[in-house]
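Single-structure report; data block below.
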Amino acid sequence: MNDFIAARSQMAMSLGFHIIFACVGMVMPFFMAISHYKYLKTGNEVYKGLTKAWSKGVAILFATGAVSGTMLSFELGLLWPEFMKHAGPIFGMPFSLEGTAFFIEAIALGFFLYGWNKFNKWFHWITGLLVGISGLASGILVVAANAWMNSPSGFDYQNGVFSNIDPIKAMLNEAWFSQALHMVLAAFTATGFAVAGVHALMILKKKNIEFHRKAFSIAATCACIAALLQPLSGDISAKDVAKRQPIKLAAMEAHFHTEPAAPFILGGIVDEEKQEVNYAIKIPGVLSFLVHGDFKTPVKGLNEFPKENLPPVAITHYAFQIMISLGMLLCLISLIYLLAVWKKKSWLSAAWFLKLFVFAIPLGYIALEAGWVVTEVGRQPWIIYEIMRTKDAVTPMPGIVYSFYIFTAVFISLSAIVIFLLYRQMKMVGKLYDPTDPHFITKKPKH
Amino acid sequence: MLYVVIAFLWVSLYLYLILGGADFGVGILETFTGKKNIEKVKNTSYKSMGPIWEANHMWLIIAIVVLFVGFPTIYSTVSIYLHIPLVLMLLGIIARGTAFTFRHYDAINDNWQQVYNRIFRVSSIITPFFLGLIAASTVSRHIDPAATDFLSAYIFSWWNPFGISVGLFTVAISAYLASVYIIGEAENKEFVQYLTGKARTYFFVVMIAGMLVFTTSYFEQIPLFTWIFGQTIGQIAIVLATLSIIVLFWAFKHKKITTMRICVALQTFMILVAATYNHFPDLILLANNQSLSLVDHQGSERTIEVLAWALMLGSIFILPFFFYLLYSFHRRRVQ
């Protein structure tokens, strides 16, 4: 592995993990606030227990996300100093606002976690909600920065010199809205399904059923709404990408040759050498329709672009396929859920129904990671689209491969411990959080 | 507007030093506390930093963001030549933050606590050590952009006796800050007495580490002495710091918690003023008498302007909320 590949791998891995920590930390506070609201309105102690249980999960993932985020703010420079030297003043605006949002999130979380019985109950509730809102704002701002790399704006570029810099225009680049919308919905879908699935598992195990049923219903409802909205946002994104980065769209679809009535390619094995996709299902005209709104207009193929500007086609295509197929699957599960809630209440406690949600635990996150691979790998070989190549941005320091190994070890152990801790929290639900459980301890043993 | 941004950078670093430093210090205190008092120290430290440690560490992120948005050349130069200590510091930050959270949020209290404790304590020492070492490297003129071989470009840029002594000094300061801060969180008079003893000890440790810094700077021909004593601001800073020591020992004796806290915060302030004022606006002093100045290496004018506004508006949101948090959880508990 050479240093350039090591640097890319380290960045990809750091972000790949951070995305999960950050999404959970951004979505769970909303679940927590909903449960907290229900407690304040109904006085049902189970909701209070659930709020506390979820807030522990938030605290664990927030801390992990905070440190991995701190690390990323350094890694940008450690791995890509040449990029940061030029891009920092242009796309840094959302980062400085994100600093504020994240700060508020940290403060609000401090109030929320340690504020039980200390403050007015609605002030306390608002601090919890604020954790979610500021987390969401952070997420949107960071995605806006990433969107700038896909859709650079807010500067003039001539002979390697960036001038006439406008950081606000850079922040409000063309890609920010479609990317941020897609990311937010993905975060709610992925986290919602993961949380709902874990609670479904506990219902199947017949442990603290009422507690887990309440949890399941909050998480599943949010997840399903988000999952059903996601295709709409996906459509906005696809049209946007087709306009701004036609080469990325072509790679997503492994669309090698420009043709009228371009087919939508499902699955298949990409042969980058021969520029063809084997064993794929091709639905004629659908790609043209998705991009242009009619079945005839040609869609630009990869053959229209210089070879040195092509992203890795196979990876982008496979990732895109994984994302959309999982997305569709989750939509289907969402429809089943809504049907169950409206018409078939008996399904809600059926084993097959709960097992379906257990099966869906990782799917949202796999789709989310795949989507992120599409946008990042699909942008290659550019770090700033059509302005700066990734290989020109990498640090001159040799030996990055060792830092990649170290960080890999750190992230894997960190994730293992987080899962272990969440598992132990789940195990203790009866004793710590569910007041209807006979083993419930009114006073917490620790602190 | 440039000076607004520079002020934010400086203040963020200062707040990170005193608030983040105190967080590290708590871990150091734990490391050097005997079995008899360890549980008390742990609980007291938890009470004092549990709700706020994440907010404390945001100051570092603010400083970094200001640096890469406002002064990108400085950020990228530091990132290249101090890559290794930065990575080591980051590993420390990750290990410390997570171990601290995990040990509190582990629902089951078993042997894993020992693992978290160990990681928390070791990383509480490593992180401020590298923080200090990195700070020292920015002024020790060992960063050499013209260097061609690996050792002189990426190792000797930071690995030298001066850097190490400043690292140790930062560790000492962190422990000293923590020992003074948590006196106010102690639950009874005996424990106040115990912690005051600790604070006195760490005061002397800081003094010794400080002398070590002066000694190594002498041997490395870093004009630290002239920077601090050679100009009025430095002299005033030293006089104020010395006076505050007298006040501090008076406060120790009479258990004046707020006075103690103000004194140590002031001392740290003075140390940072004395250390940075002389070569302002140069932030990084490079080899061969070159330097990177905040004035010459600022980002575009428009960026600085927008950044300044973002920081000022952000403060309006953050500061009242932040101080209310500190206030809510730090009301004095000693009667």
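In the text below, chain A, chain B and the rest are named by the order of the sequence lines, each starting its count at 1.
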Select one option (side chain, backbone, both, neither) describing which atoms of [X] are under 4.5 Å from chain A's heavy atoms.
X       : answer
I61(B)  : side chain
F8(B)   : neither
Y75(B)  : side chain
L90(B)  : side chain
I304(B) : neither
Y324(B) : both
V69(B)  : both
I93(B)  : both

As an exercise, state the distance from [atom1] of [X] to [atom2] of [Y], rounded to the nearest 0.5 Å.
X       : Y       : atom1 : atom2 : value
K85(A)  : I74(B)  : NZ    : CD1   : 12.0 Å
I64(B)  : F95(A)  : CD1   : CZ    : 12.5 Å
L91(B)  : M71(A)  : CG    : CE    : 8.0 Å
Q425(A) : I108(B) : CD    : CD1   : 9.0 Å
I417(A) : T101(B) : CD1   : OG1   : 11.5 Å
R302(B) : N164(A) : CZ    : CG    : 10.0 Å

Given that the side chain runs from C-beta out, which part of [X] has a heavy atom under 4.5 Å from chain B: side chain, backbone, both or neither?
X       : answer
F155(A) : neither
I168(A) : side chain
L72(A)  : neither
L97(A)  : side chain

Do [X] and [Y] come within less than 4.5 Å of each other through their side chains, counting heavy atoms only?
X       : Y       : value
I104(A) : I318(B) : yes
F162(A) : S300(B) : no
I400(A) : H83(B)  : yes
T395(A) : S79(B)  : no
S96(A)  : W309(B) : no

If you count heavy-atom pairs under 4.5 Å with chain B, which of [options] comes out on top?
options                  : result
S68(A), G92(A), P167(A)  : P167(A)
A101(A), P89(A), G115(A) : P89(A)
L421(A), L78(A), L422(A) : L78(A)

If you look at every heavy atom in I80(B) and M397(A), which pair is closest and at what distance?
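Closest approach of I80(B) to M397(A): O-SD, 4.4 Å.
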Going through the distances and angles, do L60(B) and F74(A) end up as a side-chain contact (heavy atoms from CB on, under 4.5 Å)?
CA-CA 10 Å; L60(B) 179 65; F74(A) 282 92; 4.0 Å; yes
I need the residue from A310(B), G314(B), S76(B) with the largest number of non-hydrogen atom pairs under 4.5 Å to chain A.
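Counting heavy-atom pairs under 4.5 Å, the top option is S76(B).
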Inspect the surroundings of [atom1] in [X] and state if more than 12 heavy atoms from other residues, nucleotides or ligands are less than 6.0 Å away.
X       : atom1 : answer
W10(B)  : CH2   : yes
F317(B) : CZ    : no
F420(A) : CZ    : yes
Y423(A) : OH    : no

Go through the steps for R424(A) and D110(B) under the test side-chain contact (heavy atoms from CB on, under 4.5 Å), then give the verdict.
CA-CA 11 Å; R424(A) 305 231 297 194; D110(B) 59 8; 2.9 Å; yes
Between F321(B) and F111(A), does the ring centre distance come in under 6.0 Å?
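Centroid distance F321(B)-F111(A): below 6.0 Å, so yes.
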Assign the ring pair W59(B) / F103(A) to parallel, tilted or perpendicular, where the plane angle (0 to 90°) is split at 30° and 60°.
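Aromatic pair W59(B)/F103(A) classed perpendicular.
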Go through the steps for L414(A) and I94(B) under the test side-chain contact (heavy atoms from CB on, under 4.5 Å), then give the verdict.
CA-CA 9 Å; L414(A) 210 55; I94(B) 297 172; 4.0 Å; yes
